[in-house]
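What follows is a set of notes on a single structure, which appears directly below.
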Amino acid sequence: MKHRISRRAFLRGCTLLAASAAVGSLTSCGGTDAKDSGLPLIIVGSDTYPPYIYLNNDGVPAGIDVEIATEAFRRMGYAARFESIDWEQKTNLVESGTIDCIWGCFSMDGREEVYRWAGPYMVSRQVVAVDADSSIRTFSDLAGKTIAVQSTGKPEELFLSGSDPRLPQTVEVFSIEDRNVQYAMMACGYVDAIAAHETGILQYMKDNSVEFRILEEPLLVTGLGVAFAKNDSRGLDHQLNDTFAQMRTDGTLEQILGKYLEHASQYLEVDTLGA
């Protein structure tokens with residue numbers, strides 16, 4: 001069963017926790033530097049997802065995807081400007097030309113035909129996390145439990161579609177507009193589990209000094225990519241793929257990932273996907 005909860009509705013019930021979880025939300029970012037560069041702008045649509053994209057203490061966009069995008073588009077002759085978007089509207093926004101691409105820890109799996117893709121540029125694990133003292137140890141233990149997922153994300157699809165026989169059909173799914181609120185929902189006992197990218201969960205634990213337990217078996221091992229509209233004929237997807245290959249060869253991708261993640265090289269093993 002699916003329950004849809006807006007960020008506003010949840011804030012009414014768990015205001016302080018949700019507010020703390022949402023600190024650093026992304027707004028229009030990178031505008032001044034991008035304009036001053038003299039290069040044509042590429043508008044990147046994303047939302048807050050540390051360590052991929054967030055505002056640092058100076059209010060400047062930072063994170064894995066920000067650094068990769070800035071360098072990759074610079075090599076292509078563009079300046080990247082990050083814009084906060086309603087994640088549920090991402091397809092409409094890129095197809096209408098409001099943004100040039102979608103970039104923000106975006107899984108390619110199952111969406112290969114929806115967009116023009118550049119990537120995968122790195123590997124990510126989608127996982128389930130629970131409180132450290134939870135009795136939930138495996139997917140089967142989720143039967144009759146509640147889980148928070150981001151609306152339109154891959155975990156939501158997996159839990160609602162019934163396509164994965166590992167997942168019980170009796171899980172109650174709470175779909176959240178703002179993925180940062182997932183953590184607050186579990187912290188205040190509103191749900192039994194959350195599902196998200198493992199790197200995002202680990203970053204939240206580090207930033208907030210909390211301890212969740214990540215189930216050993218991943219929901220999905222997927223490649224992260226950059227999505228352009230299907231009708232985008234500029235060839236930016238091909239150029240960006242070529243640039244990713246250069247950045248992989250010269251060590252730039254591993255250097256950037258190493259600032260944020262331990263064992264950075266393992267996240268670049270995109271050739272193992274589907275093996």
Side-chain angles (χ1 to χ4, degrees), residues 42 44-47 49-53 62-76 78 80 82 87 90-91 94 100-128 150 152-155 157-158 163-164 179 195-203 214-230 232 234-275:
I42 289 288
V44 181
S46 190
D47 63 353
Y49 205 153
Y52 294 91
I53 179 167
I64 294 170
D65 285 343
V66 173
E67 291 202 34
I68 294 176
T70 300
E71 175 60 17
F73 282 128
R74 184 195 65 78
R75 294 187 184 195
M76 292 167 56
Y78 296 94
F82 279 81
W87 196 248
K90 55 188 176 293
T91 303
V94 77
D100 290 297
C101 63
I102 306 164
W103 194 334
C105 194
F106 195 20
S107 301
M108 297 174 63
D109 191 271
R111 303 183 175 110
E112 291 87 352
E113 302 305 317
V114 180
Y115 308 100
R116 291 180 180 266
W117 285 100
Y121 60 92
M122 64 180 290
V123 177
S124 181
R125 285 169 30 111
Q126 299 257 21
V127 299
V128 171
Q150 187 185 23
T152 74
K154 291 302 296 184
E157 177 186 323
L158 290 171
S163 60
D164 191 330
R179 54 188 163 194
H197 289 276
E198 184 175 39
T199 43
I201 295 172
L202 293 173
Q203 188 67 47
I214 295 173
L215 301 193
E216 182 175 348
E217 186 176 7
L219 275 175
L220 179 71
V221 179
T222 183
L224 303 183
V226 184
F228 296 85
K230 287 288 285 187
D232 190 331
R234 294 174 293 176
L236 293 173
D237 51 325
H238 297 297
Q239 294 178 49
L240 188 53
N241 267 325
D242 291 341
T243 305
F244 282 154
Q246 296 168 8
M247 293 172 67
R248 188 181 308 279
T249 300
D250 66 24
T252 301
L253 286 180
E254 185 169 358
Q255 180 183 23
I256 291 172
L257 291 181
K259 298 178 183 179
Y260 301 90
L261 304 172
E262 295 183 0
H263 313 297
S265 61
Q266 72 182 18
Y267 296 97
L268 295 174
E269 296 174 355
V270 294
D271 293 337
T272 65
L273 290 168

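Excluded from the calculations below are hydrogen atoms, water molecules and symmetry mates; all remaining heavy atoms, backbone and side chain alike, are included.
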Quiz item: Roughly how far, to the nearest 0.5 Å, is the CD atom of Glu157 from the CG atom of Leu219?
Solution: 11.5 Å
Practice problem: With side chain to side chain contact (heavy atoms under 4.5 Å, CB included) as the test, would you mind laying out the steps for Val127 and Leu215 before giving the verdict? | Solution: CA-CA 7 Å; Val127 299; Leu215 301 193; over 6 Å; no
Self-check item: Criterion side chain to side chain contact (heavy atoms under 4.5 Å, CB included) on Arg116 and Leu236, from CA distance to verdict
Solution: CA-CA 9 Å; Arg116 291 180 180 266; Leu236 293 173; over 6 Å; no
Self-check item: Beyond-backbone contact of Val226 with Leu240, side-chain heavy atoms, under 4.5 angstrom
Solution: yes
Exercise. Supply the atom-to-atom distance Lys154 NZ to Asp109 CG, rounded to the nearest 0.5 angstrom.
Key: 5.0 Å
Quiz prompt | Shortest non-hydrogen contact between Asp47 and Gln150, atoms and distance | solution = OD2-NE2, 3.4 Å
Quiz item: Are more than 12 heavy atoms from other residues, nucleotides or ligands located less than 6.0 Å from atom CD of Glu112?
Solution: yes
Self-check item: Qualifying residues under side-chain hydrogen bond (donor to acceptor under 3.5 Å, both in side chains), relative to Asp242, sequence neighbours excluded
Solution: none
Self-check item: Heavy-atom side-chain contact between Arg125 and Leu220 under 4.5 Å
Solution: no
Quiz item: Could you give all pairs that pass the side-chain hydrogen bond (donor to acceptor under 3.5 Å, both in side chains) test and reach residues 248-261, with sequence neighbours left out?
Solution: Glu67-Lys259, Glu67-Tyr260, Arg75-Asp250, Arg75-Thr252, Asp250-Thr252
Exercise. Side-chain contact test, heavy atoms from C-beta onward, threshold under 4.5 Å: evaluate it for Leu253 versus Met122 and give yes or no.
Key: no
Quiz prompt | side-chain hydrogen bond (donor to acceptor under 3.5 Å, both in side chains) against Asp100, all qualifying residues, sequence neighbours excluded | solution = Arg234
Quiz item: Passes side chain to side chain contact (heavy atoms under 4.5 Å, CB included), Ile64 versus Leu261? Steps please.
Solution: CA-CA 9 Å; Ile64 294 170; Leu261 304 172; 3.8 Å; yes
Quiz item: Would a 4.5 Å heavy-atom cut-off, applied to side chains only, mark Tyr52 and Leu224 as touching?
Solution: yes
Exercise. Carefully, step by step, assess Gln126 and Glu198 under the rule side chain to side chain contact (heavy atoms under 4.5 Å, CB included).
Key: CA-CA 6 Å; Gln126 299 257 21; Glu198 184 175 39; over 6 Å; no
Quiz item: For Ala80 and Phe73, which heavy atoms make the closest approach, and how far apart are they?
Solution: CB-CD1, 3.9 Å
Quiz item: Taking only residues two or more places apart in sequence, or in another chain, which ones meet Gln246 in a side-chain hydrogen bond (donor to acceptor under 3.5 Å, both in side chains)?
Solution: none
Quiz item: Should Tyr49 and Gln203 count as side-chain neighbours, where that means a heavy-atom distance under 4.5 Å?
Solution: no
Self-check item: Note, Arg111 side chain near Thr222 side chain (heavy atom, < 4.5 Å)
Solution: no
Quiz prompt | Trp103 and Ile53, any side-chain heavy atoms less than 4.5 Å apart | solution = no
Quiz item: Any idea which heavy atoms bring Phe228 and Cys101 closest together, and the distance?
Solution: CE2-CB, 3.6 Å
Practice problem: Write down the atom of Ser46, the atom of Trp87, and the distance for their closest heavy-atom approach. | Solution: CA-CZ3, 4.0 Å
Practice problem: Could you tell me which residues satisfy side chain to side chain contact (heavy atoms under 4.5 Å, CB included) with Val123, sequence neighbours excluded, listed by chain and number? | Solution: Val221, Val270, Leu273
Quiz item: Is there a donor-acceptor contact under 3.5 Å from the side chain of His197 to the main chain of Cys105?
Solution: yes
Exercise. Scan side-chain atoms only and decide if Tyr121 and Asp65 contain a donor-acceptor pair under the 3.5 Å cut-off.
Key: yes
Practice problem: Looking only at non-hydrogen atoms, find the nearest pair between Pro51 and Thr199 and report the distance. | Solution: CD-O, 3.6 Å
Quiz prompt | Trp117 versus Asp237, closest heavy-atom pair with distance | solution = O-CB, 3.8 Å
Quiz item: Can you name the residues that form a side-chain hydrogen bond (donor to acceptor under 3.5 Å, both in side chains) with Thr91, not counting sequence neighbours?
Solution: Tyr115
